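Since this is a predicted model, take the numbers as computed values, not measurements. Residue numbers start from 1 in every chain, and the chains themselves are labelled A, B, ... in the order their sequence lines are given, proteins ahead of strands.
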Protein chains: 2
Amino acid sequence: MNPITLYVVDDYLLTRISHRRYFAQDESIKLIGDFSCARDCFEQMEKMPADVILMEIDLPKMNGIEATRYLKEMYPKAKVIIYTSQKNEQRVLASLACGACGYVLKNNSDIDLKKIIKMVAHGEFCMDLEVAKSAFSSIPIPDTKDLENLYENRKLKNSLTARELQVLKLLIDGKTNSQIAREIIVSTNTAKAHVGSILTKLSVTDRVQAAVKAVRANLF
Amino acid sequence: MNPITLYVVDDYLLTRISHRRYFAQDESIKLIGDFSCARDCFEQMEKMPADVILMEIDLPKMNGIEATRYLKEMYPKAKVIIYTSQKNEQRVLASLACGACGYVLKNNSDIDLKKIIKMVAHGEFCMDLEVAKSAFSSIPIPDTKDLENLYENRKLKNSLTARELQVLKLLIDGKTNSQIAREIIVSTNTAKAHVGSILTKLSVTDRVQAAVKAVRANLF
DNA sequence: CTAAAATTTGTCCAATCGGGTAATATACAA
DNA sequence: TTGTATATTACCCGATTGGACAAATTTTAG
């Protein structure tokens with residue numbers, strides 16, 4: 001089995017040196033380069049792409065999240081692991097959205113970075129449990145009893161007709177009844193009627209509540 | 001080091017048998033019980049809590065996601081790994097919200113379940129990369145350049161005064177101007193004025209758009 | 001084919017909304 | 001101390017909204 005090739009991007013020299021030591025006597029992971037900024041890493045990736053990139057977020061010029069997005073776009077097979085000291089929820093979510101395959105905290109002496117790198121290289125996604133907790137805390141707990149309608153968007157969607165869904169989407173865009181009417185080429189009265197039945201079906205009393213309910217249910 | 005204790009919950013007998021074999025000759029992971037339904041697992045947990053529970057989702061009576069929520073409530077230290085064959089996005093999100101520490105696909109011959117169990121027991125969060133991709137696909141990619149305002153909810157929040165935020169929250173609940181006025185004990189005119197400046201600051205033209213923008217930005 | 005559901009349009013009316021303009025009071029910072 | 005931002009209230013007006021009721025046409029499903 002070929003060793004896993006690894007790049008490290010971290011602007012702090014001592015961190016890079018410590019990484020070099022840490023991976024030096026390892027057979028299965030080969031640290032083939034370390035960089036103080038994203039651009040240097042990109043250049044090297046062109047010449048010799050690595051399997052895994054260990055990425056700090058706080059970097060000069062281009063930050064690690066942006067760099068992750070770029071790397072995933074250019075090298076979809078490359079695995080980026082965020083390795084930083086903050087577990088800011090926004091940053092975690094942004095990292096996940098940008099395609100990071102892991103998020104590990106520096107100030108966690110307890111973890112085995114090598115094992116995580118191997119797991120990620122092997123097709124797993126890994127995070128510190130602590131990070132996962134804070135990142136997933138914003139996911140609402142659904143009605144766990146009904147597996148088919150966990151987040152009830154299907155229930156909602158199913159209760160509305162195709163036309164009503166179309167109208168609801170426009171309603172969410174903030175359109176008035178007459179604007180909606182113009183868009184779907186019916187009379188204002190018709191648009192009003194559709195909105196009316198949407199309100200009834202969603203059991204709300206006005207379009208604001210309807211819009212919020214739909215957005216919260218992730219209908220659009 | 002003590003071996004990791006493990007329970008398996010899966011209603012399919014052959015799966016349980018195959019697990020027994022799989023973990024039989026392992027020193028570091030001790031499979032100390034397997035159950036065909038959640039209730040049996042709960043009973044046993046009372047007598048002897050396990051470190052890790054491997055949980056199918058599709059179970060008779062109580063499903064695995066509900067069971068996960070229950071277990072995390074009763075035994076916060078226990079680690080639940082969802083082990084199932086579907087990667088339905090809703091189910092993944094629900095599992096994460098309910099505190100699962102992992103989500104592994106059955107039909108992935110390539111993975112090393114033992115390694116994952118060890119990682120999870122050790123305080124990591126693990127998922128198949130495939131699962132992660134589908135689950136995180138709904139997270140919007142933020143403005144990656146501005147680390148401080150990744151999801152611009154802070155930007156939004158900062159531009160509004162405390163009073164306006166209070167009004168915005170009520171607006172999102174679908175309250176009318178006069179209802180808002182009653183709640184914060186001011187005149188209807190005042191409430192109207194606040195709503196007006198909210199609309200201006202969010203650069204939208206009506207309260208529906210304001211509500212949607214606020215909800216989308218995860219302001220509430 | 002037939003019954004049910006969805007789509008369409010209309011009218012009336014009271015309530016609500018958003019914009020504009022303006023004035024007063026207060027608190028906080030330069 | 002002197003602004004600048006915030007909070008408060010008021011009035012007017014046209015546009016929009018939601019409820020209620022009624023009815024025609026089209027589509028869909030049994």
**Report entry** Check: A/Ser18/A/Thr15 side-chain N/O donor and acceptor closer than 3.5 Å
**Finding:**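 Distance-only check fails for A/Ser18 and A/Thr15.
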Query raised in the report: Do A/Ser134 and A/Ser137 have side-chain N/O donor and acceptor atoms under 3.5 Å apart?
Result: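 No - no donor-acceptor pair under 3.5 Å links their side chains.
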To the nearest Å, give me how far apart [atom1] ([X]) and [atom2] ([N]) are.
X: B/Gln209; N: C/dC17; atom1: CD; atom2: P; value: 15 Å
X: B/Gln166; N: D/dT6; atom1: CD; atom2: P; value: 16 Å
X: B/Asn158; N: D/dA5; atom1: CG; atom2: P; value: 16 Å
X: B/Leu171; N: C/dC17; atom1: CG; atom2: C1'; value: 11 Å

Query raised in the report: Are the side chain of B/Lys72 and the backbone N or O of B/Pro76 linked by a donor-acceptor pair below 3.5 Å?
Result: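 Present.
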Protein and nucleotides 24-27 of chain D: nitrogen or oxygen contacts under 3.5 angstrom:
none

Query raised in the report: Near DNA chain C, which residues from residues 174-208 of chain A have a heavy atom under 4.0 Å away?
Result: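 Those residues are A/Val186, A/Ser187, A/Asn189, A/Thr190, A/Lys192, A/Ala193, A/His194.
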**Report entry** Under the side chain to side chain contact (heavy atoms under 4.5 Å, CB included) test, residues paired with A/Ala67 that sit two or more places apart
**Finding:**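 For A/Ala67 the side chain to side chain contact (heavy atoms under 4.5 Å, CB included) partners, ignoring immediate neighbours, are A/Ala38, A/Phe42, A/Met55, A/Met62.
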Query raised in the report: If we fit an axis to the first five pairs and another to the last five of the helix from C/dC1-D/dG30 to C/dA30-D/dT1, what angle do they make, to the nearest 10°?
Result: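 Axis angle across the helix from C/dC1-D/dG30 to C/dA30-D/dT1, nearest 10°: 70°.
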Is [X] atom [atom1] crowded by more than 12 heavy atoms from other residues, nucleotides or ligands, each under 6.0 Å away?
X: B/Lys133; atom1: NZ; value: no
X: B/Ile185; atom1: CD1; value: no
X: A/Tyr22; atom1: OH; value: yes

Query - B/His19/B/Tyr83 aromatic ring centres below 6.0 Å - result: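 So the answer is yes for these two rings.
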Taking C-beta and beyond as the side chain, do [X] and [Y] meet within less than 4.5 Å on heavy atoms?
X: A/Lys79; Y: A/Ile53; value: no
X: B/Leu147; Y: A/Ile65; value: yes
X: B/Val212; Y: A/Val212; value: no

Check: protein-nucleotides 23-30 of chain C nitrogen or oxygen pairs below 3.5 Å:
none

Requested in this report: For B/Arg163, check salt bridge (Lys or Arg N to Asp or Glu O under 4.0 Å) against everything at least two apart and list the hits.
Outcome: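 Per chain and number, B/Arg163 pairs via salt bridge (Lys or Arg N to Asp or Glu O under 4.0 Å) with no residue.
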Query raised in the report: Salt bridge check: are A/Glu124 and B/Lys115 linked by an N-O gap of less than 4.0 Å?
Result: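 Salt bridge flag = no for B/Lys115 with A/Glu124.
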